[in-house]
Each structure stands twice: as C-alpha cells, then as structure tokens.
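See below for the structure under consideration.
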Amino acid sequence: MTHEKPLDVAWSTAWIRGAAAAVAEHRDELTALDAAIGDGDHGTNLDRGMHAAVAKLDSQLDSRQGAGGVFDLPAGVLKATATTLLATVGGAAGPLLGTAFLRASRACDVDVLSSQDVATLLGEAAVGVQMRGRAEVGDKTMLDAWQPAARAAREAAATGASPVEVLRAAANAAVDGADATYSLTALRGRASYLGARSVGHHDPGARSTALILQAAVRAA
C-alpha cells in the first residue's frame, strides 16, 4: 500500500516545486501546442512563472528559516504562488492560473487538508478560471481540465475517499479533460480565431493544468 502524506504545508511546497519541474520538462511540448493554435509562448511563459514561484517560496523560507509566518499553512504557499504567477506570466495563463491559485488559497486555511478541503480547493480554483476567463466547459480552454477535476474531487470526497485519493481522482479527470480538447472547436482566446481549424489540437492550458494537478498527487 502506498504511503500517503498529509496534505499540509510541506505537501503544498512540494507540489509547487514538482509542478515547476513538470512544466520545465514539458516546456517545449506546451510551447508547440500553443504555437499550433495560439501565441506559441505558453510553455516558456509558464516555465518562467513557475520558477519564479519556487524562487519566491525559497526566499520566504530562507528569511524565516522554514518556520513561522506566511508558510505555516498551505494557504500561504498557494497565495505566494498565485501572486507570483499574476506578476510574471504573460498572456492569458498568468491571470487564469493566478486566480485559480488565489481562490484555492482561501479554501485551505487549515493545517492539514481533509478530503472535503481538497474538493473545495479545486472547486474554487475552477470557479476562478471560469470567472476570469469568461469561459464554459467545451470552449477549449484550461477550464476543460479544471472543471472535470473539481467535479471528480467532489464526487470522490462524497464517497469517503482519502484526501490523496480525492486528489488523484481530480488529476485523472484533468488528464481526460485535457485529452478531450483535441476534438473541440476553440470558442475563447486567440485559438478561437482559427474556428474549425482549431479542431485536432490539444489546448495547451488544459494540458499544463493536468501536469500541475498530477504534480500535486506525486507530492503526496
């Protein structure tokens, strides 16, 4: 049986580090996906933003010697990540992911996240993406990964699944959601200018969302 770590401040810090590593590993893939239907900068922009977020966490931890202050709770880690992404990532991804992490941070102001906390965190993140991007599921945006993840988390929590199991269900749903964008016509963002020609390409934001949520599972 796999050992599950508590979803605490150590987990949230490991999540952001892991997400940054995953984005760096897949930077060229994300950039290529974006080049096909967008500006072609999603991978490089998000890589820069995630590395800046890790640097922000490192600077805070160094100044506080790893204890006290803003990083007593997962909420502090996610808020620092949110503000860094909002400040450093260009295009649509910065405002969308920054808002997702900011709303998520408000939902996890506890020492250790419960299954319901995980579901609430992901639900708030999805709402943030939807409101900021004015998108709906099926528009071929990162919401097509976030909203299935939130729904899967809510359903898993309702069955009594552990916090990590809830997180895993969400990440798997995000992967499926990102895969499903291949056959969608883009209705939001620069990709929407292509109309029917956007079919046959995966949405880069949905793909990076899946990578970020898979990193959350690995951190646990």
Side-chain angles (χ1 to χ4, degrees), residues 2 4-5 7 11-12 14-16 18-19 21-23 25-26 29-30 33 42 46 50 74 78 81-82 85 92-93 96-108 113-133 135-189 191 199 201-220:
T2 302
E4 294 185 356
K5 298 177 182 177
L7 302 188
W11 161 76
S12 60
W15 172 18
I16 302 307
V23 168
E25 180 182 350
H26 293 272
E29 173 198 341
L30 295 172
L33 290 176
H42 184 65
L46 189 55
M50 292 305 299
L78 299 190
T81 299
L85 292 177
L96 291 173
L97 283 174
T99 301
F101 274 105
L102 189 60
R103 288 187 68 105
S105 73
R106 297 169 184 164
C108 58
L113 273 63
S114 67
S115 297
Q116 186 55 54
D117 290 332
V118 175
T120 301
L121 180 160
L122 293 169
E124 285 297 314
V127 168
V129 169
Q130 184 170 22
M131 291 177 61
R132 190 70 183 253
E136 299 293 337
V137 170
D139 285 354
K140 200 184 184 92
T141 71
M142 67 171 64
L143 184 64
D144 289 304
W146 278 109
Q147 195 161 94
R151 183 174 62 250
R154 186 169 61 249
E155 292 172 351
T159 68
S162 72
V164 177
E165 288 169 342
V166 171
L167 203 54
R168 184 176 294 111
N172 290 341
V175 171
D176 291 343
D179 287 345
T181 62
Y182 186 83
S183 61
L184 297 176
T185 300
L187 300 178
R188 285 288 176 186
V199 175
H201 301 279
H202 290 102
D203 180 71
R207 173 63 175 143
S208 61
T209 295
L211 291 172
I212 288 169
L213 292 181
Q214 286 176 311
V217 177
R218 285 194 298 273

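Everything quoted here is computed from the prediction, not taken from an experiment.
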Open item on the list: Go through it in stages, so that I can follow the logic: the residues are L97 and L46, the test is side chain to side chain contact (heavy atoms under 4.5 Å, CB included), and I'd like the CA-CA distance, side-chain angles, deciding distance and then a yes or no.
Closed with: CA-CA 10 Å; L97 283 174; L46 189 55; 3.5 Å; yes
Worked check of side chain to side chain contact (heavy atoms under 4.5 Å, CB included) between Q147 and E136 = CA-CA 9 Å; Q147 195 161 94; E136 299 293 337; over 6 Å; no
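For the side chain to side chain contact (heavy atoms under 4.5 Å, CB included) test, residues two or more places apart in sequence or in another chain that qualify with A215 are W15, A19, R218. Qualifying salt bridge (charged side-chain N to carboxylate O under 4.0 Å, His left out) partners for R151, counting only residues two or more places apart in sequence or in other chains: none. Legend: residues meeting side chain to side chain contact (heavy atoms under 4.5 Å, CB included) with E124, ordered by chain and number and at least two apart, are R103, A107, T120.
Separation of atoms CD (Q130) and CG (L143) is listed at 5.0 Å; rounding is to 0.5 Å. Taking CZ of F101 as the start and CG of L121 as the end, the distance is 8.5 Å to the nearest 0.5 Å. Annotation: the span from H42 atom NE2 to D203 atom CG amounts to 7.5 Å, rounded to 0.5 Å. In this structure, the separation between CG on L113 and CG on L167 is 9.0 Å, given to the nearest 0.5 Å. Interatomic distance, L7 CG to D117 CG, rounded to the nearest 0.5 Å: 9.0 Å. Between R207 atom CZ and L211 atom CG the span is 4.0 Å, to the nearest 0.5 Å.
Of the possible polar contacts, one joining the S115 side chain to the A161 backbone as a donor-acceptor pair under 3.5 Å is found. A distance-only check finds a donor-acceptor pair linking the side chain of K140 to the backbone of H201 [under 3.5 Å]. Between the side chain of N172 and the backbone N or O of A169, no donor-acceptor pair lies under 3.5 Å.
Using a 4.5 Å heavy-atom threshold, the side chains of T99 and V129 count as separate. At least one side-chain heavy atom of C108 sits under 4.5 Å from a side-chain heavy atom of L78. Put simply, the side chain of Q116 does not reach to within 4.5 Å of the side chain of R154, judged on heavy atoms. You'll find the side chain of M50 reaches within 4.5 Å of the side chain of I16, heavy atoms only. Under the 4.5 Å side-chain criterion, counting only non-hydrogen atoms from C-beta, V175 is in contact with Q214. Residues L213 and L122 meet the side-chain proximity criterion, which asks for heavy atoms closer than 4.5 Å. Using a 4.5 Å heavy-atom threshold, the side chains of V164 and W11 count as separate.
Taking every heavy atom of both residues into account, T159 and A156 meet most closely at OG1-O, 2.7 Å. Contact record, T209 with M142: OG1-CB, 3.6 Å, taken as the closest heavy-atom pair. Closest of all the heavy-atom pairs between G98 and A82 is O-CB, 3.3 Å. Nearest approach of A173 to P148, heavy atoms of both residues: CB-O, 3.5 Å. Of all heavy-atom pairs spanning A210 and A178, the tightest one is CB-CB, 4.4 Å.
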